[in-house]
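Residue indices begin at 1 and follow the sequence shown. Each ligand, and each atom within it, is numbered from 1 in the order the structure gives.
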Amino acid sequence: MATFATTDLSYVDGYKLLTGLVVPRPIGWIGTVDADGRPNLAPYSFFQAVASHPPTVLYSVGVNDGDEKDSLINARATGEFTCSIVGMEVAVGMNQTAAELEHGESEFDFAGLTPEPSIDVKAPRVAEARASFECRVTQMVELGNQPNINVVVFGEVVRFHVDDEILDGTRIDHAALDAVGRMAGNGYATTRDRFELIRPQ
Ligand SMILES: Cc1cc2nc3c(=O)[nH]c(=O)nc-3n(C[C@H](O)[C@H](O)[C@H](O)COP(=O)(O)O)c2cc1C
């Protein structure tokens, strides 16, 4: 079995090993607005649900040589973001929104997606997604050392939006949600092959 001490690895190789092995990763499709109210949308697969009470999610933004991405700049400026869930029917659109546009240029327009106004936060959601969350930033944690750091943005979910068609009470129909996850690089996985395990008493 090969073994790698992290100290011997380049930044890129460490990234490849980590993201190649922690799979599939859920994708948070992060909606924000800038200080002037202009919308922004981008996918983040360093994304996870990390607490249920209060419901909390996080996404982690790579910052190389101090070059901050809009999803970080905007969340810091407004203290808010949304997170839409990526189903198979919007996977291609999600990928489009990873384009690096000028600050203030909308990925919603670029990808032909509809910004759905939120209720409790200013950031819009993706109308075409079957579920989305409205979130308030609770903390930001800086990881690593310059020049390649990550800033982890924690957000408390203040509102859930779920398409009636995929909902039974508060249970989700996963076949209908049809969520996709990220493998490495340009690779993705569906959630179409599922199984159950009964926990021991
Ligand atoms: C599926 C997918 C997942 C991504 N995950 C991340 C991530 O976790 N962290 C990150 O910094 N960039 C990630 N990216 C790249 C960003 O989406 C990309 O840099 C984008 O342009 C950032 O947009 P923004 O400046 O509007 O925030 C990902 C791209 C894709 C396609």
To the nearest 0.5 Å, tell me how far [X] [atom1] sits from [Y] [atom2].
X: Ile30; Y: Phe47; atom1: CD1; atom2: CZ; result: 5.5 Å
X: Asp163; Y: Arg130; atom1: CG; atom2: CZ; result: 4.5 Å
X: Asp13; Y: Leu18; atom1: CG; atom2: CG; result: 12.5 Å
X: Thr82; Y: Ile119; atom1: OG1; atom2: CD1; result: 12.5 Å
X: Cys83; Y: Tyr44; atom1: SG; atom2: OH; result: 12.5 Å

Considering only non-hydrogen protein atoms, determine which one is nearest to [atom] and report residue, atom name and distance to 0.1 Å.
atom: atom 7 (C) of ligand 1; result: Tyr44 CD2, 3.3 Å
atom: atom 25 (O) of ligand 1; result: Asp70 N, 2.8 Å
atom: atom 9 (N) of ligand 1; result: Ser60 O, 3.0 Å
atom: atom 27 (O) of ligand 1; result: Ser71 OG, 2.5 Å
atom: atom 12 (N) of ligand 1; result: Lys69 NZ, 2.9 Å
atom: atom 21 (O) of ligand 1; result: Ala98 O, 3.0 Å
atom: atom 5 (N) of ligand 1; result: Ser45 N, 2.8 Å
atom: atom 8 (O) of ligand 1; result: Phe46 N, 2.8 Å

Exercise. Flag the pair Phe160 / Thr170 as yes when at least one side-chain heavy-atom distance between them is below 4.5 Å, and no otherwise.
Key: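 Answer no - side chains too far apart.
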Quiz item: Would you find a donor on one side and an acceptor on the other, under 3.5 Å apart, between the side chain of Arg182 and the backbone of Gly185?
Solution: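 Here the side-chain-to-backbone pair exists.
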Practice problem: Would you confirm whether Arg136, through its side chain, and Val158, through its main-chain N or O, come within 3.5 Å as a donor-acceptor pair? | Solution: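 No; zero donor-acceptor contacts below 3.5 Å.
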Write down the atom of [X], the atom of [Y], and the distance for their closest heavy-atom approach.
X: Leu113; Y: Trp29; answer: CD1-CZ2, 3.4 Å
X: Val141; Y: Gln139; answer: CG2-OE1, 3.9 Å
X: Glu80; Y: Val137; answer: N-CG2, 3.8 Å

Ligand-residue contact atoms, ligand 1 with [X], heavy atoms, under 4.0 Å:
X: Val61; result: 11 (O)
X: Gly62; result: 10 (C), 11 (O)
X: Glu107; result: 26 (O)

Practice problem: Could you see which bit of Asn40 sits under 4.0 Å from ligand 1, with heavy atoms only: side chain, backbone, both or neither? | Solution: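 Looking at Asn40 and ligand 1, just side chain atoms fall under 4.0 Å.
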Quiz item: Does Arg182 approach ligand 1 within less than 4.0 angstrom via side chain, backbone, both or neither, non-hydrogen atoms only?
Solution: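 For Arg182, only side-chain atoms sit under 4.0 Å from ligand 1.
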Quiz item: Ile27 to ligand 1: N or O pair under 3.5 Å?
Solution: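 No.
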Self-check item: ligand 1 to Thr97 polar contact by distance, N or O atoms, under 3.5 Å
Solution: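 The answer is no, given that Thr97 and ligand 1 share no N or O pair closer than 3.5 Å.
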Hey, is [X] one of the residues with a heavy atom under 4.0 angstrom from ligand 1?
X: Ala99; result: yes
X: Tyr188; result: yes
X: Arg25; result: no

Quiz prompt | Residue selection (non-hydrogen contact nearest atom 14 (N) of ligand 1) among Gly28, Ala42, Gly185, Pro43 | solution =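 Of the listed residues, Pro43 has the closest heavy atom.
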Exercise answer: donor-acceptor pairs, residues 31-40 side-chain atoms, under 3.5 Å, sequence neighbours excluded:
unit_1: Thr32; atom_1: OG1; unit_2: Asn74; atom_2: ND2; d: 3.1
unit_1: Asp34; atom_1: OD1; unit_2: Asp36; atom_2: N; d: 2.9
unit_1: Asp34; atom_1: OD1; unit_2: Gly37; atom_2: N; d: 3.0
unit_1: Asp34; atom_1: OD1; unit_2: Arg38; atom_2: N; d: 2.9
unit_1: Asp34; atom_1: OD2; unit_2: Arg38; atom_2: NE; d: 2.8
unit_1: Asp34; atom_1: OD2; unit_2: Arg38; atom_2: NH2; d: 3.0

